[in-house]
Number of protein chains: 2
Amino acid sequence: MAQSDTVDRILDAAEELFADRGFSETSLRMITSKAKVNLAAVNYHFGSKNALIHAVFARFLTPFSATLETAFDDLEARCEGQPPTLNQTLWALTESAVRMPQRNEKGISIFMRLLGLAYTQSQGHLRKFLEQEYSQPFSRFMRLLKEATPQLSAVDRYWRIQFMLGATAFTMSSSDALRDILQNKLGVETTVQEIAARLVPFLAAGMQAEDAVLMPSLKEAPVA
Amino acid sequence: MAQSDTVDRILDAAEELFADRGFSETSLRMITSKAKVNLAAVNYHFGSKNALIHAVFARFLTPFSATLETAFDDLEARCEGQPPTLNQTLWALTESAVRMPQRNEKGISIFMRLLGLAYTQSQGHLRKFLEQEYSQPFSRFMRLLKEATPQLSAVDRYWRIQFMLGATAFTMSSSDALRDILQNKLGVETTVQEIAARLVPFLAAGMQAEDAVLMPSLKEAPVA
DNA sequence: AGGTGCCTCAAACGTATGTTTCAAACAGAC
DNA sequence: GTCTGTTTGAAACATACGTTTGAGGCACCT
């Protein structure tokens, strides 16, 4: 075997198991036995379980954020000073994700689920790690979003970004299960690319929705 | 003390801790010590930790699904045969949630987070429990959605419902953290009602977006 | 007073977890 | 071949978990 292919085997097994079962619910013994590796190897190579979790994210996120930066560079160059539209920005992100070299057939969806879990499970260390490690492309995406939706108030934009993130993370995170259901119910096959193609228009439309009206309950029952 | 106020103290503590930290990350010892109750009381009154989780959901969900049913009844009666609009349907759901009698100041948001966790954490027993216990109002909501969006193909509708579910579950599931961020960044206070008031227009707009176009990467770079 | 159910308590049980240890195996340099 | 630093191996460690136990308390009934 190549020099310490143990490390990669651990990362592969951990990535898949974390995505399937969450972080706390995945033990080191599950990981090492799936990876066919000795238990102590994890602590030897990574130091701790938390550090392993960080490494799983870093292996995907570091090349991805580089890809994303150049995609944004291209986009801004093509727009010559004018701010890119919302659709363009969302597509730049989506295509960067979809075009990432994929380790196996499950591809991007595993990682989408991991990102969803990172936000959902209250693993303080993970959020802190992600925020301080990948703040640059994140901030840039936020800036592009802001320039593409100047009509929104900061608060509206903030919440709608959360809604976008939620729709994306949730859908992608369970896309395997959802695809199966769709297959059984309607007999339709679906790829991650097609899901993305459906998701982006949904997100763009929601992002550009009319301003929220007052809640009907505060006045009368809603009509029409 | 009143007859077994222990049960309620356990439920209160469990509800809050589960919402804060997730199910696996919350131990019975945390719950019983927060509730100022003996450790064995959980297994005595509920039988197991999983059964306690179910009880936490049932305490909220059972009255809620009753409220929701009457809300749907009212809505359909008001529409006199015509199918309710998408906005009406979403508002009926939202208002039913918001109007639930709240046990404490944190109110509905704790429970929204629990529902999000239920979908996110891969606790098989929980999803099974929720699906077979509350399938009726769920199916009814789905039927209303279908009648409110006749222009969508079944596949489009299916995916967009997942997007809605994701935006809702994800946002609500981390709404405390998000509110804190918003508080610190922009100095704005936000109630769950206000989040819901922002969420519904976003969802409705996304649900009714124009049909998805082909993915730009399949042809040329996106312009305008 | 005595007895009966329901409940609480402290302690223990068995198991699973993350981590550590230390000897053995291995690779490459001399 | 021998030495050196790195990696693997089986076993143990300490801790935390969910659950069970059995003795005790308390209220209520006859």
Side-chain angles (χ1 to χ4, degrees), chain A residues 1-59 114 117-118 121-126 128-129, chain B residues 1-59 114 117-118 121-126 128-129:
Chain A
M1 347 188 136
Q3 36 111 23
S4 204
D5 121 298
T6 301
V7 169
D8 287 313
R9 296 241 299 285
I10 292 175
L11 285 174
D12 287 340
E15 183 177 284
E16 203 162 331
L17 284 171
F18 285 153
D20 275 358
R21 331 175 16 96
F23 303 107
S24 310
E25 294 83 356
T26 303
S27 71
L28 292 185
R29 284 166 176 83
M30 294 178 198
I31 294 171
T32 55
S33 85
K34 180 186 179 93
K36 292 186 174 52
V37 150
N38 188 273
L39 170 62
V42 169
N43 285 281
Y44 174 78
H45 286 288
F46 298 95
S48 71
K49 183 180 179 181
N50 278 352
L52 169 62
I53 296 177
H54 294 175
V56 167
F57 277 86
R59 183 171 65 152
L114 288 183
L117 288 179
Q121 308 216 163
S122 58
Q123 305 258 8
H125 69 98
L126 226 185
K128 218 165 288 176
F129 168 77
Chain B
M1 352 185 135
Q3 35 112 21
S4 204
D5 120 298
T6 301
V7 169
D8 288 312
R9 296 241 299 284
I10 292 175
L11 285 174
D12 288 339
E15 184 177 282
E16 202 163 332
L17 285 171
F18 286 152
D20 276 357
R21 332 174 17 98
F23 303 108
S24 309
E25 295 82 356
T26 302
S27 72
L28 292 185
R29 286 169 175 82
M30 292 178 197
I31 294 171
T32 53
S33 85
K34 179 185 177 92
K36 291 188 174 55
V37 150
N38 186 273
L39 170 62
V42 170
N43 285 280
Y44 175 78
H45 286 287
F46 298 95
S48 70
K49 183 181 179 180
N50 278 352
L52 169 62
I53 297 177
H54 294 175
V56 168
F57 276 86
R59 183 169 66 151
L114 288 182
L117 288 178
Q121 309 217 163
S122 58
Q123 305 258 5
H125 69 97
L126 226 183
K128 217 165 291 176
F129 169 78

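Letters A, B, ... mirror the listed sequences (proteins, then strands); counts begin at 1.
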* To do: Output all residues satisfying side-chain contact (heavy atoms from CB on, under 4.5 Å) with B:Ala19, sequence neighbours left out; order by chain, then residue number.
  => B:Ile110, B:Arg113, B:Leu114

* For B:Ala41, enumerate each residue passing the side-chain contact (heavy atoms from CB on, under 4.5 Å) test, keeping only those at least two apart in sequence or located in another chain. => B:Thr6, B:Ile10, B:Val37, B:His45

* Structure fact -> When rounded to whole Å, the OH to C1' distance for the pair B:Tyr44 and C:dA11 reads 19 Å

* **salt bridge (charged side-chain N to carboxylate O under 4.0 Å, His left out) pairs, two or more places apart, involving residues 38-53 of chain A** => none

With 3.5 Å as the limit, what N/O pairs link the protein to nucleotides 22-24 of chain C?
none

* To do: Calculate the interatomic distance between A:Lys36 atom NZ and D:dA10 atom C1'; express it in whole Å.
  => 19 Å

* Just jot down the side-chain hydrogen bond (donor to acceptor under 3.5 Å, both in side chains) partners of A:Ser24, sequence neighbours excluded, or say none. => A:Gln123, B:Glu25

* Contact letters for nucleotides 12-19 of chain C, in which S counts primed atoms plus P, OP1 and OP2 and B counts the base, heavy atoms under 4.0 Å -> B----BBB

* To do: Check A:His125 against A:Ile53 and note the closest heavy-atom contact, atom names and distance.
  => CE1-CD1, 4.2 Å

* Structure fact -> From the candidates D:dT6, D:dG9, C:dC7, the one with an atom nearest any side-chain atom of A:Asn38 is D:dG9

* Sequence-distant partners of A:Asn38, side-chain hydrogen bond (donor to acceptor under 3.5 Å, both in side chains), two or more places apart -> none

* **Residue-phosphate contact under 4.0 Å: A:His45 side-chain N/O, D:dT8 OP1/OP2** => yes

* To do: Go through the structure and list residues passing side-chain hydrogen bond (donor to acceptor under 3.5 Å, both in side chains) with B:Asn43, not counting sequence neighbours.
  => none

* Interatomic distance, B:Ile31 CD1 vs D:dT19 P [rounded to whole Å] -> 11 Å

* Asked: Is any side-chain nitrogen or oxygen of B:Thr6 closer than 4.0 Å to OP1 or OP2 of C:dC7?
  -> no

* **Euclidean distance, atom CG of residue B:Asp5 to atom C1' of C:dC6 [Å, nearest integer]** => 15 Å

* **With sequence neighbours excluded, residues passing ring-ring contact (aromatic ring centres under 6.0 Å, His included) with A:Phe46** => none

